[in-house]
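Contents: one structure, followed by commentary.
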Amino acid sequence: MKRFRKILLAYDGRDSAGEALERAFTLAKQNKAGLTVVYVLEEIPSKTEDYIDKVPIKEFEKIACEEKASEIRDLIKSTEKRIRVKAEVKILTGKPHIEIIKEVLRNKHDLVMKTAEGKDGTRKMFFGGIDISLMRKCPSPVWIVKPSKADKYSRILAAVDPDPFDEKTDRLNDLIMDLALSLSKLDDSELHIVHAWSVFGENILRGPRFRKTEAEMKRLIKVEKGFHQESLDKLLSRKRMGKTQYRVHLLKGDPSLLIPKVAKKEKIDLIVMGTLCRTGLPGIIIGNTAESVLNQVNCSVLTVKPEGFVSPVKLDD
């Protein structure tokens, strides 16, 4: 697998970050990619000057950054030596997701990796605010890693929605499949390919205004299923599956319900999926399906943006 050139690992200082650290270094080696470990310090409040009387606040901030950089270099030293990958360490200041995205824009990182913030007493979702903000606004693929004792992913799920009439969507599905397939080959994982479909306006067609008979609806559903099967077959025909073990799930129903259901049933370790933004609000929210799926799963997730996505975060902000 040689897909990524510049990987950014967003380190948050927690003990649970070991899984993301290991995967980032391993992926960098396998891709012969550059690796940057980034830590974001919160900006020092101006009132701190009241009790720092020996050094200016900017100097205090510089010292804090140097100490954190030294701490991270010590942390990754053994991993660098074992995997034989040298990482650059950067300490930034500001809001974490904003500074991470700016670093991506400055240096054209093509993958961001980060440990999931996880559930706690006040957080119901597995993914925290920084995780969601990155998946919403970061232009590069974002891989949120679940802390785990497993060295490899046993099962990976690719959530696709092929549409031969929409080139942009179709290219996004190609990217989802390429990433999922590459990672499946890397870990020798079982790949599950999920495509959920429905008949637009089915309930209305069955209602009193149109009064479609059951026989008519069965014919319509059969035609619609055939279309989606053909679209999925075309997508898969473009991929070199090789020796990858894979299963295809062509399911009728709401993808926001069916994707989490398959993930739970099949004990999925990683979901690869796309995010789509509402017209007029680029990067502010992700598509309803993606948002709903993220609210229901607690496995690692790799999200990718459609071609042409422009982050609302700007370098001159």
Side-chain angles (χ1 to χ4, degrees), residues 1 3 14-24 26-27 30 111 113-120 123-128 131-132 134-135 141-162 173 175-197 228 232 235-236 239 241-275 286-304:
M1 176 181 176
R3 174 167 299 278
R14 292 179 297 152
D15 293 338
S16 58
E19 170 76 6
L21 193 72
E22 185 75 16
R23 286 194 172 274
T26 301
L27 197 62
Q30 289 161 336
L111 176 67
M113 301 182 72
K114 181 186 175 298
T115 299
E117 292 175 61
K119 297 178 182 179
D120 59 25
R123 187 185 299 121
K124 295 181 180 179
M125 284 179 59
F126 179 69
F127 303 102
D131 303 335
I132 297 296
L134 287 173
M135 288 189 278
V142 175
W143 186 345
I144 304 297
V145 180
K146 176 183 179 178
S148 171
K149 294 180 181 179
D151 294 332
K152 295 184 176 182
Y153 292 140
S154 297
R155 289 164 290 275
I156 295 175
L157 186 155
V160 296
D161 185 21
N173 284 288
L175 178 57
I176 291 168
M177 277 300 304
D178 289 344
L179 289 172
L181 187 56
S182 295
L183 292 170
S184 295
K185 290 177 179 178
L186 187 63
D187 277 8
D188 193 24
S189 312
E190 182 177 274
L191 178 60
H192 291 258
I193 302 156
V194 177
H195 173 37
W197 62 277
H228 287 280
L232 184 56
L235 172 63
L236 298 182
K239 308 304 165 189
M241 306 302 287
K243 296 181 180 179
T244 302
Q245 290 186 314
Y246 69 96
R247 290 173 55 192
V248 177
H249 305 261
L250 181 64
L251 306 172
K252 182 175 181 291
D254 185 344
S256 65
L257 299 176
L258 292 172
I259 293 170
K261 185 176 180 180
V262 173
K264 182 178 180 181
K265 180 181 178 182
E266 301 297 340
K267 298 179 180 178
I268 296 299
D269 300 305
L270 171 68
I271 295 174
V272 184
M273 60 188 288
T275 59
I286 56 181
N288 292 335
T289 295
E291 189 91 45
S292 181
V293 169
L294 292 172
N295 281 330
Q296 298 176 70
V297 301
N298 65 351
C299 61
S300 299
V301 174
L302 173 55
T303 59
V304 295

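Evaluation of the salt bridge (charged side-chain N to carboxylate O under 4.0 Å, His left out) rule for Glu19 yields Arg23 as partners, not counting sequence neighbours. By the side-chain contact (heavy atoms from CB on, under 4.5 Å) test, Pro260 is found to be paired with Val293, Gln296, Val297, residues two or more places apart in sequence or in another chain being considered. For Gln245, the side-chain contact (heavy atoms from CB on, under 4.5 Å) test picks out no residue, with sequence neighbours left out. Remark: Asp161 engages no residue in a salt bridge (charged side-chain N to carboxylate O under 4.0 Å, His left out) (not counting sequence neighbours). Listed by chain and number, the residues in a salt bridge (charged side-chain N to carboxylate O under 4.0 Å, His left out) with Lys252 are Glu202 (sequence neighbours excluded). Contacts of Ser256 classified as side chain to side chain donor-acceptor pair (under 3.5 Å), with partners at least two apart in sequence or in another chain: Asp254. Residues passing the side chain to side chain donor-acceptor pair (under 3.5 Å) test with His249 are His192, sequence neighbours excluded. For His195, the ring-ring contact (aromatic ring centres under 6.0 Å, His included) criterion is met by His228, not counting sequence neighbours. With sequence neighbours left out, the side chain to side chain donor-acceptor pair (under 3.5 Å) criterion links Thr115 to no other residue. Annotation: side chain to side chain donor-acceptor pair (under 3.5 Å) contacts of Asp188 (sequence neighbours excluded): none.
At a threshold of 4.5 Å between non-hydrogen side-chain atoms, the residues Leu183 and Trp143 count as touching. Using a 4.5 Å cut-off on side-chain heavy atoms (C-beta onward), Thr26 and Leu186 make no contact. Leu181 has its side chain within reach of Met241: a pair of non-hydrogen atoms, C-beta onward, lies under 4.5 Å apart.
The shortest heavy-atom contact between Val145 and Met113 is CG2-CE, 4.2 Å. The minimum heavy-atom distance linking Ala159 with Ile259 is given by the pair CB-CD1, 3.7 Å. When every heavy atom of Ser184 is checked against every heavy atom of Thr244, the shortest pair comes out as CB-CG2, 4.1 Å. Closest non-hydrogen pair, Cys299 versus Phe126, comes out as O-CE2, 3.8 Å. Among all heavy-atom pairs drawn from Leu258 and Ala196, the shortest one is CD1-CB, 3.8 Å.
Here Leu302 contributes atom CG and Leu157 contributes atom CG; the two are 12.0 Å apart, rounded to the nearest 0.5 Å. Tyr246 OH to Met177 CE: the interatomic distance, rounded to the nearest 0.5 Å, is 8.5 Å. Note that CZ of Arg3 is 6.5 Å distant from CG of Leu175, once rounded to the nearest 0.5 Å. Remark: Asn295 CG to Ile132 CD1 distance equals 7.0 Å, nearest 0.5 Å. A distance of 7.5 Å separates CG of Leu294 from OG1 of Thr303, quoted to the nearest 0.5 Å. One distance of note links CG of Leu251 with CG of Leu257; it measures 11.5 Å at 0.5 Å rounding.
In this structure, Lys261 places its NZ atom where only 12 or fewer heavy-atom neighbours from other residues, nucleotides or ligands lie under 6.0 Å away.
Counting only distance, with no hydrogens or angles, the side chain of Ser189 and the backbone of Tyr153 share a donor-acceptor pair below 3.5 Å. Checked by atom type and distance alone, the side chain of Lys146 pairs as donor or acceptor with a backbone atom of Asn298 at under 3.5 Å.
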List the atom pairs, with distances to 0.1 Å, where a side-chain N or O of residues 263-274 and a protein N or O form a donor-acceptor pair under 3.5 Å, not counting sequence neighbours.
unit_1: Glu266; atom_1: OE1; unit_2: Arg247; atom_2: NH1; d: 3.1
unit_1: Glu266; atom_1: OE2; unit_2: Arg247; atom_2: NH1; d: 3.4
unit_1: Glu266; atom_1: OE2; unit_2: Arg247; atom_2: NH2; d: 3.4
unit_1: Asp269; atom_1: OD2; unit_2: Ser154; atom_2: N; d: 2.7
unit_1: Asp269; atom_1: OD2; unit_2: Arg155; atom_2: N; d: 3.0

